[in-house]
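Encoded as structure tokens, the structure appears first; notes follow it.
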There are 2 protein chains.
Amino acid sequence: MYERKIKEDLDCGIVVAMKVFGAKWKPCIIDAISRGIKRPSELHREITSTSARVIDMQLSELVDYGIVSKKIFPGFPLCVEYSLTEVGETIVPILMQLNQWGLKNKDLVKNKDNQPLHVELPAEARFIQPRNCLANN
Amino acid sequence: MYERKIKEDLDCGIVVAMKVFGAKWKPCIIDAISRGIKRPSELHREITSTSARVIDMQLSELVDYGIVSKKIFPGFPLCVEYSLTEVGETIVPILMQLNQWGLKNKDLVKNKDNQPLHVELPAEARFIQPRNCLANN
DNA sequence: TCCTATACCGAAAAATTATTCAGTATGGAA
DNA sequence: TTCCATACTGAATAATTTTTCGGTATAGGA
């Protein structure tokens, strides 16, 4: 298992939130489970852009975090079901909101030239002194 | 400049949102600017856990995305001010929400042993057949 | 001329995250 | 006995992000 060299500040809300929201496949997995896709094999079929191994790893981290719970049915063939915990459910609306934000603003990120040239002020601005500029406005 | 080998789907809202929310220092920079810290040198003083170079890089990406706008005052010494654009302002409440979520749930992520053992069902469950288990429940 | 403060950038290195590959294990069916 | 489907794992590699280091440029002051 990988041991970090730069420790992260788990008292910062954003750092904590990003352990869940900011991983490449976790939002995708959480969304699928929230839509009722429960078994690993189903998840693998649903999420085709990455490998089963990747899904399994992210999934097990979500289980460790208590965001997803795992039930094993010891019949045959082996059957496992994942579902969102109570805390896991609280992620879904935030995820939807992030998704909405992204959809609404995707052109910004796509274009990447939204402020192509720096805004230069007219000549008079040259007399603005740095301390002024720092103090107010 | 780094050229990705695996292209990202910028039509997915989450992928787009994570370009902004999911970078290590962007939330921190956006928060500082929203609190009125405008000049690069101020930002460097405010955010001491990383180097000026890192802040500058993330900042310039936020400018490229049109989330932060940059004004140059050509006096002396050189004076630059950053501020949130209209779109940039829409990020702040979502950031606050993510932060709240993280603060509320940080123990989950810290502990990482929230479901230490798999839940095994009692013996009767052995008769649940896989197709049933897939079909409903 | 050299020093200051401001703001910025290129490129290598380090750290982290994601991916691939090759396995393990269970229990029934052929 | 060998095969299947299910669920899962270790370890190497690749991809990406973050960090560090050293540099540029402007314009005034000593």
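All values below were derived from every heavy atom in this structure, side-chain atoms included, with hydrogens, water molecules and symmetry-related copies excluded. Numbers restart at 1 for each chain; the letters A, B, ... are given by sequence-line order, proteins then strands.
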Are any of [X]'s side-chain N or O atoms less than 4.0 Å away from OP1 or OP2 of [N]?
X: Lys70(B); N: dA7(C); value: no
X: Arg39(B); N: dA7(C); value: yes
X: Gln58(B); N: dT18(D); value: yes

Handout entry: Exam field: side chain Thr85(B) to backbone Gly66(B), donor-acceptor pair closer than 3.5 Å
Key = yes

Exercise for the section: Give a yes or no on whether the backbone of Pro27(B) and the side-chain of Asp31(B) come within a donor-acceptor separation of less than 3.5 Å. Expected result: no

What nucleotide among [options] has an atom nearest to a side-chain atom of [X]?
X: Val80(B); options: dT19(D), dC8(C), dT6(C); answer: dC8(C)
X: Trp25(B); options: dC8(C), dT18(D), dA7(D); answer: dT18(D)
X: Thr50(A); options: dT19(C), dT19(D), dC8(C); answer: dT19(C)
X: Asp56(B); options: dT6(C), dA7(D), dC8(C); answer: dC8(C)

Figure out the [atom1]/[atom2] separation between [X] and [N], and round it to whole Å.
X: Phe73(B); N: dA27(D); atom1: CZ; atom2: C1'; value: 18 Å
X: Glu61(A); N: dT16(C); atom1: CD; atom2: P; value: 14 Å
X: Leu78(B); N: dA7(C); atom1: CG; atom2: P; value: 6 Å
X: Met57(A); N: dA22(C); atom1: CE; atom2: P; value: 17 Å
X: Lys38(B); N: dT6(C); atom1: NZ; atom2: P; value: 18 Å
X: Leu59(A); N: dT19(C); atom1: CG; atom2: P; value: 15 Å
X: Met18(B); N: dT17(D); atom1: CE; atom2: C1'; value: 16 Å
X: Asp64(B); N: dC8(C); atom1: CG; atom2: P; value: 12 Å

Practice task
Give a yes or no on whether a salt bridge exists between Glu8(B) and Arg4(B), defined as a side-chain N under 4.0 angstrom from a carboxylate O.
Solution key: yes

Handout entry: Under-3.5 Å donor-acceptor pair between Arg53(A) side chain and dG23(C) base
Key = no

Please list, pair by pair, any protein nitrogen or oxygen found under 3.5 Å from a nitrogen or oxygen in nucleotides 12-15 of chain C.
unit_1, atom_1, unit_2, atom_2, d
dA15(C), OP2, Lys5(A), NZ, 3.3

Distance-minimising heavy-atom pair for [X] and [Y]:
X: Lys19(B); Y: Tyr65(B); result: CE-OH, 3.3 Å
X: Leu43(B); Y: Ile55(B); result: O-CD1, 4.0 Å
X: Asn99(A); Y: Ile14(B); result: OD1-N, 3.3 Å

Practice task
Inspect the surroundings of NZ in Lys110(B) and state if more than 12 heavy atoms from other residues, nucleotides or ligands are less than 6.0 Å away.
Solution key: yes

Practice task
Select base, sugar-phosphate, or nothing to describe what Ser60(A) touches, counting heavy atoms under 4.0 Å on all strands.
Solution key: nothing

Exercise for the section: Tell me what Ala23(A) touches on the nucleic acid: a base, only sugar-phosphate, or nothing, going by heavy atoms under 4.0 Å. Expected result: sugar-phosphate

Problem - From CA spacing to verdict: side-chain contact (heavy atoms from CB on, under 4.5 Å), Asp11(A), Lys106(B) - result: CA-CA 7 Å; Asp11(A) 287 312; Lys106(B) 66 182 179 183; 3.1 Å; yes

Problem - Closest-nucleotide ordering on DNA chain C, the 5'-leading residue of Glu8(A) and Met1(B) - result: Met1(B)

